[in-house]
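Here the structure comes first, spelled out in structure tokens, and everything after it is commentary.
Residue numbers start at 1 and run along the sequence shown. What you see is a predicted model; the values in this text were computed from it and never measured.
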Amino acid sequence: MLRKHFSFLFLFKLLAYILTIKQNSKEIELTIDSNIDGEKLFLETFKISNNFRFGTKNKYLIITLKLQGLEKHFIYYLIDLLFVIEKSKKVKFLKKFLCVHNLRIVI
């Protein structure tokens, strides 16, 4: 139970990186802050799906997921994208989260 709680809490905190979400019948567009390693994000995202597109507007990064031709429901791709965003952030949320809550990872 605690493990599920931690997972959902972690995903909820990762959602804070997303500034806006727009969806229509053809695509979902996410706007995030550009304080991110773009090369790493780009390469890791295309490992998830080649339906992701990237753009910039002012100081923001726009990630678009085309909904046609997906093998799974789009939410699976978005959850994977959240973890890729976390890995690509210049200041890691996970490290900050663990320090604030006095947690440690045991492997």
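Residues satisfying the side-chain contact (heavy atoms from CB on, under 4.5 Å) criterion with Lys59, sequence neighbours excluded, are Ser34.
In this structure, the ring of Phe46 has its center no less than 6.0 angstrom from the ring center of Phe52.
Put simply, CZ on Arg53 and CD1 on Ile63 are 13.0 Å apart, with the number rounded to the nearest 0.5 Å. Asp37 CG to Leu43 CG: the interatomic distance, rounded to the nearest 0.5 Å, is 9.0 Å. One finds the NZ atom of Lys40 at 11.5 Å from the OG1 atom of Thr45 (value rounded to the nearest 0.5 Å). In this structure, CZ on Phe74 lies 6.5 Å from CG on Leu78, to the nearest 0.5 angstrom. Here the straight-line distance linking atom OH of Tyr60 with atom CG of Asp33 works out to 7.0 Å at 0.5 Å rounding. Remark: Ser49 OG to Glu71 CD distance equals 8.0 Å, nearest 0.5 Å.
Cluster annotation: Ile18 and Tyr77 are assigned to the same hydrophobic cluster (Ile/Leu/Val/Met/Phe/Trp/Tyr, side-chain heavy-atom contacts under 4.5 Å, transitive). Hydrophobic clustering of Ile, Leu, Val, Met, Phe, Trp and Tyr side chains at less than 4.5 Å, counting indirect connections, keeps Leu30 apart from Ile62.
Around the NZ atom of Lys57, the shell of radius 6.0 Å holds no more than 12 heavy atoms that belong to other residues, nucleotides or ligands. More than 12 heavy atoms of other residues, nucleotides or ligands sit less than 6.0 Å from atom CZ of Phe54.
With Leu61 as reference, Leu41 is the one residue of Leu19, Ile85, Leu41 to meet the side-chain contact (heavy atoms from CB on, under 4.5 Å) rule.
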inquiry  = The test is side-chain contact (heavy atoms from CB on, under 4.5 Å); show your working for Thr20 and Ile32 and say whether it passes.
reply    = CA-CA 7 Å; Thr20 62; Ile32 61 173; over 6 Å; no
message = Between Lys26 and Leu67, is the side-chain contact (heavy atoms from CB on, under 4.5 Å) condition met? List the steps.
response = CA-CA 5 Å; Lys26 296 181 181 182; Leu67 299 177; over 6 Å; no
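Pairing each heavy atom of Glu44 with each of Lys87, the nearest pair is OE1-NZ, 3.5 Å. A pairwise comparison of heavy atoms in Asn51 and Gln68 identifies ND2-O, 3.1 Å as the closest pair.
No side-chain heavy atom of Ile28 sits less than 4.5 Å from a side-chain heavy atom of Thr64.
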